[in-house]
Every structure is written in C-alpha cells, then in structure tokens.
K.L.:
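Here it is: the structure, laid out below.
We're numbering straight along the sequence, starting at 1. Values below: every heavy atom of this structure, side chains too, minus hydrogens, waters and symmetry copies. Computed from a predicted model, the values in this text were never measured in an experiment.
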Amino acid sequence: MNFFEKIKIWGLLICLISQLGHGYYLPGSYPHKYVVGDPLSVKVNSLTSIETEIPYSYYSLPFCKPQEGVKDSAENLGELLMGDRIENSPYKFKMQTNETEIFLCQTKPLSTDEFKLLTSRIDEMYQVNVILDNLPAIRYTKRDNFLVRWTGYPLGIKVQDTYYVFNHLKFTVLVHKYEEANVVSVMGTGDAAEVIPSIEKPGSDIPGYMVVGFEVQPCSFQHSLESLKGLKMYGKYPSKISCETNTVTMGIKENEPVAFTYEVEFVESDIKWPSRWDAYLKMDGAKVHWFSILNSLMVITFLAGIVLVIFLRTVRRDLTHYEELDKEAQAQMNEELSGWKLVVSDVFRVPDYPALLCVMVGDGVQILGMAVVTIMFAALGFMSPASRGTLLTGMLFFYMVLGILAGYVAVRMWRTMFTGDHKGWVSVCWKVSCFFPGISFLILFVLNFLLWGSHSTGAIPFLLFVILILLWFCVSVPLTLVGGYFGAKAPHIEYPVRTNQIPREIPAQKYPSWLLVLGAGTLPFGTLFIELFFIMSSIWMGRVYYVFGFLFIVLILLVVVCAEVSLVLTYMHLCVEDYKWWWKSFFASGSVALYIFLYSVNYLVFDLKSLSGPVSATLYLGYSLFMVLAIMLATGTVGFLSSFWFVHYLFSSVKLD
C-alpha cells in the first residue's frame, strides 16, 4: 500500500466519521433546522453593566414573566461561575412569521422600591441580554458615520430629570435556508474518484431554515391606557407602534404601570451557519492591533535571541578554557578561581523554606499545564464563544486532572533536595493540593460575600461551593497523592558535585539582588502586555475574546522568555559568588506578575473610569489578585526548572575538586 493510498483511506475515514456525526462545524453546536411555523423561544441572561461589573437576574426588575413560569435553562459549571443565569422569557416567535404590535403584559403600578431599583439600574447603565438559538441579540448604532455593534440593549435612559424605559422591542431574525450537512462527497484524484453517499434522515426533504443572526432595536413607546384594556398576553395592540430610536416617550413614575410590547421580522440572509458568529468577533481597528502585536513579538524574540547567544558564548568559552588546562594548571586555577566555580560546594545547598518552594513549583506546573492544554483545545475550536461556560469548565477539569503532575514534580524535587530521602512526601502532597486552591477559595469566599450582599447572580450559590469543595477533596487531592506516590518511587536527580557542611560566606554585592529580580520581569511582561489588553477588555468590557491560536503562540513565547531571563539572572548571581539562586530564579521570571498587577491597576484607573462604587473596585482588584497569583506560580516555575537544569548541566560539564 503506497503513501497516497494511505492518505485516501484516512481521508475517507474522516469523512465517514463527520457524516455519522452530522457535523462539519467544530466550534459551537450543530445547526438546528426549523420548519416554517416552528416555535422559537427567546431566553434571557443576567443584566450586566460595565459601570459596576455586578450582574443581576433579569427578573429582579418588574419585567413580564412567561405564562409557564420562570425556568432555568440547563447550565454548566462554567456558566454558574461566570454569573450567567439563563432563563426562559415571554418572547415567542414562529419561524418565518412576521408579527407586529404584540402585547406582552402591563405591570402592576410601580412601588417606591421598584421605582428606585429601576432608576438605579438605568443610572448604572445596565444592559438586557436576550438569546435566540444560542445567539446573543446584537444592536447597531451610528456614531460619527460609523456603525457600532453592541451586545444586548440598554434598560432605559435618563433625559434631564426623567427616566425612560425601553418597553418596545423590534427583533430582526436573520435566517438562511437549511443546508444538509450530509451531502454527496467526492474524494480522489484523476479517474479514480470515491463517492460517499449521503445519509438520509426522516424529514430531510421538508424545506427548513437556520437562525444565522439576531438583532434588536429598543424603543420607548407610550401606550394608550384605553387601548390596553382587555388585552391578553400575545394579543395585538390595536394601534400602530412606531419604533423610533431617536425619541423616547415612556417615562416611568411611581404608582404607574408599564406596558411591554414587541415585534419580530424574519429576513433571509446570505450568512451561512459557520459564519454566524462573525458579527460578534469583529473588532474595530483589528489590523492595527494585529500589526502592533506581531511587531512586539518580533522585537521580543530578537532581544531574547541576542541574550541567549551572548549567554551561550560566555559559558561555552568559560568551560572550554577550563577544560583545556592540564591537571596542575587546574589545581592552581582552583586556588585563584573567581566567579561561579567558587560556589561548587554550595550551589546545591538546600534553600530556605524548601517545602514551600516544592509546593509552589508543583502548583505552578499544574497551572501551566492547565493553561497550555486549555488554550490548545480552545484554539482548535472546542471552547468557542458559542459554547458558554465551556472554557471555565475545561480549565477546572484540566486543573484537577493535572494534580497528578503537580504531586509528582513537587515530591521528586523534595527528594532531590534531600538526596533521595522520601520522608515527608505525603505532607508535601497535601500542601500542594491545598496551597493554591486554598488561597483561591479564600479570595472567592470574600468576594462572594460582597456579591451575596448585593443580591447579584455573580455570587456563587452555596450548593455550588459545596460541589467545588467536594471536587477539590474527592478528585484533586487524591490525584495529587497518586502523583506524589509515583514521585516518591521515581529516582531522585543526582547532584554532580558534593555540598560542604559549612556554608560559604557570600561577598558583599554592589547592587541588591532583589533589584535585579524585580527588573527581570519587564522582558516577559513585554511579550504579553498587548494581548493582556484584549483579555482584560474581554473580561471587564463585555467583548468576545476568540484569538486563542495567537494566545497559544504568546504563551509559548512567554515560557521561552521566562526561561531565558531566569537563566541569565542565575548565571549573574553565580558569577558574583551568590549561590542562593533557588528562590531568586523563581521570582526572576515570576516577578512578571507584579507588572501585570500594576497594569491591572492602570487599567482600572484609565480604562474603567466609569467603574462605580467600592464594591465593584474591590471585586476587580480581588479577581486581578487571583489571576496574578496564578501567573506568578506558573512563570516562576518555568524560571526555576530551567535554572535548575542549567545549574545541574553547568556543574556536571566540568569537574572541580
């Protein structure tokens, strides 16, 4: 069987699998076929605001409720942690059936508390988020001759001293004729073509449509009280409703009701199913951003290459010069040595707080592994924006599974430090499984108290807290212990040189070592600060982040730069006879977290100027602290492990008596 026949067979197998799976679009869910007249259900998500960053339930305000009652949609763990509360709504559509002046309901007269709550939410610029067929409603507005896209629509607006609510919604549903996924496929070259028959499904001959777009235009309309009398839900409002975005007429007052209506129009579109998320993923000035990011990557790669070349040449020349000497010259040179060769008997001396270092390295390996695997799967499309919550759910899953790797690395490093002694490895495993998760739970618990006090949907429910704790102790901890067991059984890493019992005195330094350690974080920060802007905007400004492929490249580059920076700094410390390189190598690359936290504060002051209230600022800083801690452990681990490898390689390359 030749090479081309193997390729053809594998291609046929892939096509058959895709045929049986009825899918060709990896990111998100598969296309849903709707026949003319089929019901379409609109769902509502939490109310959100970039002013407060505190989400609230849609039905916390006096809106119309569905006749069958409010029901939660199926949610995954990630959606709950993100504060999403997707519920059914009273808005009902029928495929390809245009309807106008549909009456929903008239609320009871607004009480004083309801009026204050509604006006407060309008002041805080809360957005209403509605969803149809997994697509969030998108709103278009004109600004300086440009068309601006928004997700959701504002709750209302304040004009002078009067509050107006958007009580009439004009929906536009973009549909595309259903395209059967299992079409006849032809593969092969020349005259030998292979034909794969399509799989017939019941009802496939009935013409249908797919939802490829969902737009909303909010209006404020003053309904006639006389016309509302006797109207039931989904009845037709007797007079014409003109939806004008430039005028508002429905002012809200205490002890007065509010009526809600809507209309829907179906428009056939050329947009195909795989492209239906393009409207949400477009960014203004994308070319400028891409050019800036690529330029930054090229500069950082060039600088890192120069540092690496200089560094390798220096070490190689040092080693070559030493090995060319005969034994007598080496013995004489040993007495006159200076630099890293003088610390040969102290370079592998056990550092201060060895257990803590092993724990932090183990947790760092776990976090870094989680980041690499999650971003890789996201780049392949398994965690697209169409699948809400899957990114966070995937991160939790991979973090728990990689507890095996964390336990293994931490225990093996512990045994290496103490030359093979495996006593205390269980204690190290427990500390690894409790250090970062424990700090995370403490931060989340404090922030959750603030959200509970605000009655926000962003607060993690108590039952979910219990589930997370059970996952922690029933899955993550046992897997970490399993990894630690294998680490205890694995052979420890042999040191190439012996360590003296009496430690060598470190000479006085011209510059404090911590200054170099702090300054080392600037280079890794330069690799990601532009990408960090997009990530921060996605989290706090409600934008969709989707360039995971590029993020994966940035992550790889960050790992390389962290390793190089830590190597250079470790070599500099050894050259000045400072053998306490263990913690310094960790924080040399881990110090990038400090700059990220300072950038987060800068983003809060200059980009989130409208963030109101101490609760919102505390939430922002709390989540930033959580993110910075994870980044410090991951980047610090990269620096430490690379420095450990380098020191071991350096002192095993030359024999010193």
K.L.:
For a quick test of reading the model, state the closest non-hydrogen atom pair linking Val432 to Gly362 and the distance between them.
P.N.:
CG1-C, 4.5 Å
K.L.:
Sort and list the pairs that fulfil side chain to side chain donor-acceptor pair (under 3.5 Å) and have at least one residue in residues 423-435, not counting sequence neighbours.
P.N.:
none
K.L.:
Donor-acceptor pair, Ser456 side chain versus Pro55 backbone, under 3.5 Å?
P.N.:
yes
K.L.:
Is there a side-chain contact between Val517 and Trp583, using heavy atoms and a 4.5 Å cut-off?
P.N.:
no
K.L.:
Locate the shortest heavy-atom distance separating Ser642 from Gly639; write the atom from each residue and the value.
P.N.:
OG-O, 2.9 Å
K.L.:
Anything under 30° is parallel, anything over 60° is perpendicular, the rest tilted; go ahead and classify Phe651 against Phe348.
P.N.:
perpendicular
K.L.:
What are the two closest heavy atoms between Tyr495 and Thr416, and how far apart are they?
P.N.:
OH-O, 3.2 Å
K.L.:
Going by salt bridge (charged side-chain N to carboxylate O under 4.0 Å, His left out), name the pairs with one or both residues in residues 345-367, residues two or more places apart or in two chains.
P.N.:
Asp346-Arg349
K.L.:
Can you give me the closest heavy-atom contact between Ser46 and Asn129, atom names plus distance?
P.N.:
O-ND2, 2.8 Å
K.L.:
Using only atom types and a distance under 3.5 Å, with no angle test, would you say the side chain of Arg85 pairs donor to acceptor with the backbone of Thr457?
P.N.:
yes
K.L.:
Hey, what's the ring geometry for Trp645 with Tyr649, parallel, tilted or perpendicular (30° and 60° as the breaks)?
P.N.:
parallel
K.L.:
Would the distance check show the side chain of Ser591 and the main-chain N or O of Ala588 forming a donor-acceptor pair, the cut-off being under 3.5 Å?
P.N.:
yes
K.L.:
Compile the donor-acceptor pairs under 3.5 Å between side chains in residues 615-631 and protein atoms, sequence neighbours left out, one pair per line.
P.N.:
residue, atom, partner, partner atom, Å
Ser616, OG, Thr52, O, 2.6
Ser616, OG, Ser612, O, 3.0
Thr618, OG1, Pro614, O, 2.6
Tyr620, OH, Ser600, O, 2.6
Ser624, OG, Tyr620, O, 2.8

